[in-house]
S.K.: 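This is the structure, below, for whatever I ask next.
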Amino acid sequence: MGLTLFIAIVVLLALGFPVAFALAISAALAVFVGGRYPQLIVFKEMFTGIDSFPLMAVPFFILAAELMSGGALTHVLLRFAAQFVGHLRGGLGYANVLSLTLFSGISGSALADAAGPGSMMVKMMDKAGYGRPYAAALTASTAIVGPIIPPSVSMIIYALQDEHVSVGGLFMAGFIPGILIALAMAAVNWWVCRKRDYRSTEPRPSAREMWANSFKAIPALMLIVLIVVGIRFGIFTPTEASVVAVFYALICGKWIYRTLQWSAVPGILARSAMLTASVLLVMATSAAFAWVLTVEGIPQYLSELIVSWQLSPVMFLIAVNILLLVFGIFMEPLPGVMILVPILAPIAASLGLDPTHFAMVVIVNLTLGMITPPVGGLLFVTSVATRVSITELTREMPLFLLAHFVVLCLLTFIPALSTWLPHTLGFQ
């Protein structure tokens, strides 16, 4: 069964099958070849994989992001971000980084950030004389902050796979790594704009305009504050926070900004349902795939093998980073978390590594796979949204990938970057 599983998944992915279908077909073939279980077990494990109360946070956070986007939140945040840095050399690049970082605290999705505010910023940067491929590369590289700064679907899934961490703790742990990534992208923007002489033509707004833009952005920015404060003080759970976020987004769009029309709500619900279905389908098929691994004893075998190597915690982290970087090239973050965390997290715990620290290393590492050629789903979404060819986009990526690698090394070898904030706030 195990051999069939691995051969099938490699062949199907190489043939270009969608990840969810490749996982499901591989699991079904493995069960068929093994002959010990009925085929129905695959569907049963798929259902079990998504039969979880905490998972209800996923559709609600997705719906909240769609409602905020439909309520003109993107335009509000773009104006808010651009007023502080838009007049500097490379200012629109900084505005791109800042606006995507702010929006990530609402959407929790790298793809939504790149396709929404990211594509708008690329158009603005192109008109201002920045290279369109560079603007698209900056957008894709910054958009991966979406799954790292809370709320994050990846963190919710991770917490379901490792009982030693909580969703709230991971949410708090994501802030500093997310900010570090944003700062690294801003540093690359400073270097490139200095070398290519990308100058801003944006005038500095008056104090009155800055005050007006900031005041208008306060309701949008308060969403992430509401989520963090509510979870920290036990007012609601992360799942309940997602429902609160939906009602808050509806109030902001309809009655505060007054840009959300009732006629647009059915379309927003449809998009949210489609995106939710795609996420849960990947999760369900990943659960079936992981079940086959488990009944074949593969995670236990790999755990015993790695433990027998007697690696130090540092060497183990280095080995895990290499494994995840390679794995992330071919696999999306969600199935990566579902398949690898049950194998790696117990080993990390036995070596004395902080579970929250290890979780952030895994999440950031797998998220980098979204911008790593040749698969890199975020690259393809950005390419379509910005009308920049994959070849041109990939050519601009090396500096950004180097910056991401530096941040990953910092997170790997300085655990406090991931653990200080959640531990300070009382999360274990």
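Just so we're clear, the structure is a prediction, and the values are computed from it rather than from any experiment.
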S.K.: Answer yes or no: is there a side-chain heavy-atom contact under 4.5 Å between P150 and I227?
M.R.: no
S.K.: A side-chain contact here means heavy atoms from C-beta on lying under 4.5 Å apart; do V341 and Y158 qualify?
M.R.: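 Yes, their side chains come closer than 4.5 Å.
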S.K.: Return the minimal non-hydrogen interatomic distance between A182 and V97, and the atom names on each side.
M.R.: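 Minimum heavy-atom separation between A182 and V97: O-CG1, 3.4 Å.
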S.K.: Using every non-hydrogen atom in the two residues, find where P133 and L393 come nearest and quote the distance to one decimal.
M.R.: O-CD1, 4.1 Å
S.K.: As an exercise, state the distance from CD1 of I62 to OG of S278, rounded to the nearest 0.5 Å.
M.R.: 7.0 Å
S.K.: If only atom types and distance count, is the side chain of T276 paired as donor or acceptor with the main-chain N or O of A273 below 3.5 Å?
M.R.: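 Checked: no pair found.
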S.K.: At what distance, to the nearest 0.5 angstrom, does CZ of F413 lie from NE2 of H357?
M.R.: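 Reported value, rounded in 0.5 Å steps: 8.5 Å.
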S.K.: So do the side chains of L340 and V362 get within less than 4.5 Å of each other, counting heavy atoms only?
M.R.: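 In short, these two side chains do not touch, never coming nearer than 4.5 Å.
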S.K.: May I have the list of side-chain donor-acceptor pairs in residues 316-329 shorter than 3.5 Å, sequence neighbours left out?
M.R.:
from	atom 1	to	atom 2	distance (Å)
N321	OD1	N365	ND2	2.6
N321	ND2	L317	O	3.3
N321	ND2	T412	OG1	3.0

S.K.: Heavy-atom distance under 4.5 Å between the side chains of T139 and M125, does that happen here?
M.R.: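 They are not in side-chain contact.
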S.K.: Please check this pair: side chain of E66 against backbone of L269, looking for a donor-acceptor N/O pair closer than 3.5 Å.
M.R.: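 Such a contact is absent between E66 side chain and L269 backbone.
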S.K.: Salt bridge (Lys or Arg N to Asp or Glu O under 4.0 Å) with R196: which residues, sequence neighbours excluded?
M.R.: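 Result, salt bridge (Lys or Arg N to Asp or Glu O under 4.0 Å) vs R196: E396.
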S.K.: Shortest non-hydrogen contact from M360 to I148?
M.R.: CE-CG2, 4.1 Å
S.K.: Identify all side-chain donor-acceptor contacts of residues 381-389 below 3.5 Å with residues at least two apart in sequence or on another chain.
M.R.:
from	atom 1	to	atom 2	distance (Å)
T382	OG1	L378	O	2.8
S383	OG	V388	O	2.5
T386	OG1	T382	O	2.6
S389	OG	E392	N	3.2
S389	OG	E392	OE1	3.2

S.K.: Atom CZ of residue position F47 - does it have more than 12 heavy atoms of other residues, nucleotides or ligands inside 6.0 Å?
M.R.: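 Open.
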S.K.: Side-chain contact, heavy-atom cut-off 4.5 Å: F247 with F60?
M.R.: no
S.K.: Looking at every non-hydrogen atom in both residues, tell me the closest pair between A57 and P238 and how far apart they are.
M.R.: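 A57 and P238 have their closest heavy atoms at CB-O, 4.2 Å.
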S.K.: Decide yes or no for I9 and L5: does some side-chain heavy atom of the first lie under 4.5 Å from some side-chain heavy atom of the second?
M.R.: no
S.K.: One pair to check against side chain to side chain contact (heavy atoms under 4.5 Å, CB included): F358 and V165. What are the steps and the verdict?
M.R.: CA-CA 10 Å; F358 185 72; V165 297; over 6 Å; no
S.K.: Would you mind reporting whether F289 and T285 have side-chain heavy atoms less than 4.5 Å apart?
M.R.: no
S.K.: Quick one: list whatever passes ring-ring contact (aromatic ring centres under 6.0 Å, His included) with Y37, sequence neighbours left out.
M.R.: W291
S.K.: Under the criterion side chain to side chain contact (heavy atoms under 4.5 Å, CB included), I'd like the reasoning laid out for R132 against V122: C-alpha separation, chi angles, the key distance, then a yes or no.
M.R.: CA-CA 7 Å; R132 194 176 183 90; V122 169; 4.1 Å; yes
S.K.: Can you list the residues that meet the salt bridge (Lys or Arg N to Asp or Glu O under 4.0 Å) rule with E296, with sequence neighbours excluded?
M.R.: R36
S.K.: With rounding to the nearest 0.5 angstrom, report the CG to CD1 distance, L280 to I50.
M.R.: 5.5 Å
S.K.: I'd like to check V153 versus F61 (side-chain heavy atoms, cut-off strictly below 4.5 Å). Are they in contact?
M.R.: no
S.K.: Could you measure the distance from the OG1 atom of T419 to the CD1 atom of I414? Nearest 0.5 Å is fine.
M.R.: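 The CD1 atom of I414 is 11.0 Å from OG1 of T419, to the nearest 0.5 Å.
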S.K.: Between S242 (side chain) and T239 (backbone), is there a donor-acceptor pair under 3.5 Å?
M.R.: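 Side chain of S242 to backbone of T239: a pair is present.
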S.K.: Given the rule in the side chain to side chain contact (heavy atoms under 4.5 Å, CB included) test, do F21 and L12 qualify, once you have shown the distances and angles that lead to the verdict?
M.R.: CA-CA 9 Å; F21 290 98; L12 292 172; over 6 Å; no
S.K.: Identify the heavy atoms of K254 and L260 that sit nearest to each other, and give their distance.
M.R.: CD-O, 3.2 Å
S.K.: Does P219 offer a backbone N or O that forms a donor-acceptor pair with the side chain of Y248 under 3.5 Å?
M.R.: yes
S.K.: Which residues satisfy the ring-ring contact (aromatic ring centres under 6.0 Å, His included) test with F84, sequence neighbours excluded?
M.R.: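 Partners of F84 under the ring-ring contact (aromatic ring centres under 6.0 Å, His included) test: F80.
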S.K.: So which atom in M338 and which in A287 form the shortest heavy-atom distance, rounded to 0.1 Å?
M.R.: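 Answer, listing the atom of M338 first, then A287: CE-N, 3.7 Å.
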S.K.: Taking atom CD of E163 as the centre, report whether more than 12 heavy atoms of other residues, nucleotides or ligands fall under 6.0 Å from it.
M.R.: no
S.K.: Between M185 and V145, is a side chain to side chain contact (heavy atoms under 4.5 Å, CB included) present by the stated rule, with each step listed?
M.R.: CA-CA 10 Å; M185 297 304 99; V145 175; over 6 Å; no
S.K.: Output the distance between atom NZ (K127) and atom CG (L92), rounded to the nearest 0.5 Å.
M.R.: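 So the NZ of K127 and the CG of L92 are separated by 11.5 Å.
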S.K.: Mind checking the OG1-CG spacing from T142 to L138? Nearest 0.5 Å is all I need.
M.R.: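 T142 OG1 to L138 CG: 4.5 Å, rounded to 0.5 Å.
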